[in-house]
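Atoms within a ligand are numbered from 1 in the order they appear, just like the ligands themselves.
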Amino acid sequence: MKYCVLASGSQANATVVESGNVRLLIDAGLRCRTLEARLKAIAVTPESLNGILITHEHVDHVAGLARFVKKYPLPVFANYNTAAVIERQCLLEQLPVPEFALFDSNLPFLLEHLTITPMQIPHDTAEPVGYLLDDGEHCLGYFTDLGYVPEPVVQALRRCSGLILESNHDLQMLRQSGRGFQLISRISGRAGHLSNEQACEAVANGAGAALKIITLAHLSAECNQPELALSLMKGTLKHLGRSEIHVAIARQNQPLPFMEL
Ligand SMILES: [Zn+2]
Ligand SMILES: [Zn+2]
């Protein structure tokens, strides 16, 4: 299994995951043309994708979805509540409504040999989820846009050999950002985004023996610094005696290389 984060941050999010003959996109927050360009940059054709997994309906996760699947018809996997909001948004904006393949957020489903387990996470949208993708050999966890890490997700991390985990903000930088009280409360609140410290705590509590690569994702451009998030996570891993785990920082403006599990 391998994955490539095409973009991550508060402007746009999209990740390619590949295992055997299955190739998926997680979220389509890049505009259609940018998404096409970034796929091309990593030599992936849109036609070779088997589907798109949606985490939630915020615009930084679905901005390019309607146009992309109109051009390249693909099943869009989402739970009912998320699909319903996206459908309403599309109708309002006079965009084509995607063809949804609905799942129950409490039940794993199969795509060829890949077991996809949605996991509910706390975020201020209809029914936000993260994902575990397991091909029998490797398991990748994808958890961004969550106010805190619920216990079932901490337990699920134990299975992961790859982990894409939100490390959104440094709490002090957020508090000193000059943003309004309400916005600061929303971001740092129970239905907001994970801080660097929360990401480290999740790894400290949940990292299993198989964990090989962590990609820190959804970093705030104004309230975080890649070096800070990286050094905190590396410090945590050193403390755990797991310095062999590779840590990468996902970027907003360029794809990372493929990470092979
Ligand atoms: Zn987001
Ligand atoms: Zn969000």
Judged by modelled atom types alone, do Asn196 and Asn224 share a side-chain donor-acceptor pair under 3.5 Å? yes
Can a side-chain donor-acceptor contact be found between Tyr3 and Thr215 if the only test is distance below 3.5 angstrom? yes
Do any of the N, O or S atoms of His193 sit under 2.8 Å from the Zn ion (ligand 2)? no
To 10°, measure the OD2(Asp60)-the Zn ion (ligand 1)-NE2(His61) angle for me. 90°
With the Zn ion (ligand 1) as the reference point, give the N/O/S atom of His218 that is nearest. NE2
For a 4.5 angstrom cut-off between non-hydrogen side-chain atoms, does His61 reach Thr144? yes
When the aromatic ring centroids of His169 and His193 are compared, is their separation below 6.0 Å? no
If you look at His58, which of its N/O/S atoms is nearest to the Zn ion (ligand 2)? ND1
Find, among atoms of Asp145 that are N, O or S, the one nearest to the Zn ion (ligand 1), and state its name. OD2
Apex the Zn ion (ligand 2); atoms His123 NE2 and His56 NE2; angle rounded to 10 degrees: 100°
Do the two ring centres, one from Phe103 and one from Phe109, sit under 6.0 Å apart? yes
